[in-house]
Amino acid sequence: MLKKIRVRFAPSPTGFMHIGNVRAALLNYLFAHQKKGTFVLRIEDTDQNRNIDESGSNIVEILKWLSLKYDEGPMIGGDFGPYFQSERTAKYQKQLDDMIRNQLVYRCFCSKEELEEKREAQIANNMPPRYDRTCLHLSDDKIKEKIVAGIPFIWRFKVNQDSVVEIDSMERGIIKFEMKNFSDFALTRQDGSFTFLFSNFVDDYLMKITHVIRGEDHLTNAAMQASLFYACSYPLPKFWHLPMLLNSDGKKMSKRDFGFGIQELKEAGFLPEAILNFVALLGNSFKDEIQSIGELTQNFEFEKVSSTGSIKFDLEKLHWVNHKWIERTPADRLVRLVKPFLHEQIEESVTLDDKSLEFILSKIKTDLRTLKDIGEVLNFYFNQPKVSIDEIKKQFGDDKTKFILKIINKHCDVCDKTEIFLQNIKADAKDYELSMKEIFGTVRYLLTGKFNGVSVHDLFEILPDKEISVRLKKIS
Ligand code: GLU
């Protein structure tokens with residue numbers, strides 16, 4: 001019988017959820033859902049220095065915002081908890097005790113300074129920097145002596161350096177690691193706490209994880225973790241290490257790159273659906289690029305995953321996907337999403353009722369690349385634009401400007417009757433050999449302050465008649 005698929009998203013609570021985290025979370029989610037498996041959230045908070053978001057609430061909130069619902073994890077629990085590593089110390093201790101009993105580990109009393117000196121000497125001698133196993137060879141008496149003297153120690157795993165460790169990866173098939181290239185690595189710290197490598201291994205084993213899907217920066221860790229699985233004769237999960245994301249300069253993405261932080265994207269007016277959709281496209285191609293999470297669950301081809309090196313983060317593409325999602329969003333939801341951005345940017349917009357906003361949005365939503373664009377796109381509705389004849393002249397030249405304004409002014413009186421006004425100015429424009437772009441561009445400019453954007457027809461529907469008349473008469 002096939003084992004039930006169990007995958008996990010295992011972020012550290014650094015307080016900064018980024019696009020790489022979301023990618024790991026999404027692919028784990030899609031994999032679990034497509035294979036009828038279980039998606040676990042585990043908070044990896046063993047490193048005190050990185051625990052900014054102690055309760056993991058930022059992670060939980062963002063997953064909720066993205067609708068990436070987990071089946072087991074913080075708040076909801078599950079059969080394999082606790083789901084915070086800080087609450088699993090007894091489990092790690094038990095595993096360590098087993099490994100001590102089986103002589104798979106040894107105490108290392110070397111101080112940080114000693115280790116650093118050895119490292120520098122090895123580098124100076126063109127040798128790969130590896131722990132030289134000083135403490136592996138300590139006699140029992142020496143060990144006792146050091147313990148009695150209170151010298152702090154850590155537990156190291158005794159790597160079988162003659163071995164070749166294999167992992168089965170979804171993207172590259174079997175990957176082999178020659179363990180002679182690895183040091184005996186630490187399982188604990190001097191304060192007795194457990195390292196990431198160790199706790200992550202124990203948890204994947206105890207939580208019965210079948211597939212580890214995470215960033216490529218963990219590939220070397222996979223070799224070390226796999227060597228722990230082998231040493232303890234535990235079944236090794238399959239792996240998928242996702243290619244790194246690079247910024248436009250080809251460097252590994254960081255906090256400094258706009259678009260990396262999820263909170264930042266949320267505040268900039270990106271939709272959760274768009275972020276997920278965009279993230280699913282990274283390194284993949286689909287016939288239809290715009291897909292909901294349900295569609296992605298159906299269509300994602302996990303069997304065809306391959307290794308692609310690194311992937312450039314394309315902010316333009318994210319904008320495009322977001323734009324498409326804004327278009328796709330049902331009117332009532334779009335109103336709800338857009339309102340906070342609109343109210344924040346244009347104070348007087350709070351008086352606009354939902355029905356009117358819904359109507360306006362139906363006319364202008366194709367101009368929004370982000371929800372935040374609403375302030376810029378709709379400013380004309382609340383504020384008369386600053387316009388000047390010089391701007392029109394700059395666009396269309398002195399002579400044409402004269403005729404354009406003449407025509408507009410001539411027909412202004414019927415501008416409460418849209419069709420008639422538009423027909424009239426169209427007819428006159430023809431007589432004066434003016435293009436539609438020139439005449440309508442100017443009408444749009446007088447109404448909105450911009451030569452491009454919302455169609456003139458729609459502007460007549462959005463703005464009150466009186467307002468249209470005032471604005472069109474502004475320059476004569
Ligand atoms: N806690 C690790 C991180 O945040 C993830 C490790 C893993 O997925 O195995 O990078």
Heavy-atom closest pair, residues [X] and [Y]:
{"X": "Ile43", "Y": "Gly56", "result": "CD1-CA, 4.5 Å"}
{"X": "Val338", "Y": "Ile374", "result": "CG1-CG1, 4.0 Å"}
{"X": "Ser86", "Y": "Thr89", "result": "O-OG1, 3.5 Å"}
{"X": "Pro11", "Y": "Leu41", "result": "CD-CD1, 3.7 Å"}
{"X": "Pro13", "Y": "Ile59", "result": "CA-CD1, 3.9 Å"}
{"X": "Gln34", "Y": "Phe300", "result": "NE2-O, 2.8 Å"}

Other residues, nucleotides, ligands: >12 heavy atoms within 6.0 Å of [X] [atom1]:
{"X": "Met436", "atom1": "CE", "value": "yes"}
{"X": "Glu344", "atom1": "CD", "value": "no"}
{"X": "Gln384", "atom1": "CD", "value": "yes"}
{"X": "Asn452", "atom1": "CG", "value": "no"}
{"X": "Asp332", "atom1": "CG", "value": "yes"}
{"X": "Glu348", "atom1": "CD", "value": "yes"}

- Task: Before giving the answer on side chain to side chain donor-acceptor pair (under 3.5 Å), spell out for His218 and Asn221 the whole-Å C-alpha distance, their side-chain angles and the decisive distance to 0.1 Å.
- Result: CA-CA 5 Å; His218 288 294; Asn221 295 335; 3.0 Å; yes
For [Y], does its backbone N or O pair with a side-chain atom of [X] as donor and acceptor, under 3.5 Å?
{"X": "Asp71", "Y": "Phe39", "answer": "yes"}
{"X": "Ser169", "Y": "Ile174", "answer": "no"}
{"X": "Arg471", "Y": "Leu447", "answer": "yes"}
{"X": "Thr448", "Y": "Lys450", "answer": "yes"}
{"X": "Ser310", "Y": "Leu245", "answer": "no"}

- Query: Please, which pairs that meet side-chain hydrogen bond (donor to acceptor under 3.5 Å, both in side chains) have at least one residue in residues 8-30, sequence neighbours excluded?
  - Reply: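 Residue pairs with at least one partner in residues 8-30: Arg8-Asp204, His18-Asn21.
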Gap between atom [atom2] of [Y] and atom [atom1] of [X] - 0.5 Å precision:
{"X": "Met179", "Y": "Asp184", "atom1": "CE", "atom2": "CG", "value": "9.5 Å"}
{"X": "His411", "Y": "Ile408", "atom1": "NE2", "atom2": "CD1", "value": "10.0 Å"}
{"X": "Gln291", "Y": "Ile293", "atom1": "CD", "atom2": "CD1", "value": "11.5 Å"}

Taking the six-membered ring for Trp and the full ring for Phe, Tyr or His, determine whether the centres of [X] and [Y] are under 6.0 Å apart.
{"X": "Phe196", "Y": "Phe198", "answer": "no"}
{"X": "Phe239", "Y": "His241", "answer": "yes"}
{"X": "His211", "Y": "Phe31", "answer": "yes"}
{"X": "Phe403", "Y": "Tyr432", "answer": "yes"}
{"X": "Phe451", "Y": "Phe396", "answer": "yes"}

Could you pull out all residues at least two apart from [X] that satisfy salt bridge (Lys or Arg N to Asp or Glu O under 4.0 Å)?
{"X": "Asp45", "value": "none"}
{"X": "Asp203", "value": "Arg42, Arg88"}
{"X": "Glu316", "value": "Arg369"}
{"X": "Asp354", "value": "Lys339"}

Looking at side-chain heavy atoms only, is the closest gap between [X] and [Y] below 4.5 Å?
{"X": "Ser292", "Y": "Trp325", "result": "yes"}
{"X": "Ile404", "Y": "Phe440", "result": "no"}
{"X": "Pro464", "Y": "Glu467", "result": "yes"}
{"X": "Ile5", "Y": "Thr38", "result": "no"}
{"X": "Lys474", "Y": "Val470", "result": "no"}
{"X": "Met207", "Y": "Tyr83", "result": "yes"}
{"X": "Phe177", "Y": "Ile167", "result": "yes"}
{"X": "Phe286", "Y": "Asn284", "result": "yes"}

- Item | Set of side chain to side chain contact (heavy atoms under 4.5 Å, CB included) partners for Lys312, sequence neighbours left out |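 Side chain to side chain contact (heavy atoms under 4.5 Å, CB included) list for Lys312, sorted by chain: empty.
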Pair listing, salt bridge (charged side-chain N to carboxylate O under 4.0 Å, His left out) test, anchored in [range], at least two apart:
{"range": "residues 251-277", "result": "Glu273-Arg333"}
{"range": "residues 280-307", "result": "Lys35-Glu303, Glu289-Lys317, Glu295-Arg328, Glu301-Lys304"}
{"range": "residues 220-236", "result": "none"}
{"range": "residues 437-448", "result": "Lys400-Glu438"}

- Message: Does this structure show an ion pair linking Glu61 with Lys64, if we count only N-O contacts that are shorter than 4.0 Å?
- Response: no
- Item | CA sep, side-chain torsions, deciding dist, call: Met99, Gln95, side-chain contact (heavy atoms from CB on, under 4.5 Å) | CA-CA 6 Å; Met99 294 175 79; Gln95 179 63 39; 3.7 Å; yes
- Message: Checking Lys372 against Phe270 for the side-chain contact (heavy atoms from CB on, under 4.5 Å) test, could you report, in this order, the C-alpha distance in whole Å, the side-chain angles of both residues, the deciding distance, and whether it holds?
- Response: CA-CA 8 Å; Lys372 202 172 182 179; Phe270 287 86; over 6 Å; no
Name the atoms and distances for all side-chain donor-acceptor pairs under 3.5 Å in residues 357-365, with sequence neighbours left out.
unit_1, atom_1, unit_2, atom_2, d
Ser362, OG, Phe359, O, 2.5
Lys365, NZ, Glu327, O, 3.2

- Query: For Phe421 and Ile468, what are the C-alpha separation, side-chain angles and deciding distance, and is it a side-chain contact (heavy atoms from CB on, under 4.5 Å)?
  - Reply: CA-CA 11 Å; Phe421 171 76; Ile468 292 174; over 6 Å; no
Pairs under 3.5 angstrom only: tabulate donor-acceptor contacts from the side chains of residues 226-233 to other protein residues two or more places apart or in another chain.
unit_1, atom_1, unit_2, atom_2, d
Ser227, OG, Met224, O, 2.6
Tyr230, OH, Glu166, O, 2.8

- Going by the angle between their ring planes, with limits at 30° and 60°, are Trp240 and Phe302 parallel, tilted or perpendicular? perpendicular
- Message: Between Asn181 and Arg130, does the side-chain contact (heavy atoms from CB on, under 4.5 Å) criterion hold? Intermediate values first, please.
- Response: CA-CA 8 Å; Asn181 298 323; Arg130 305 241 188 290; 3.9 Å; yes
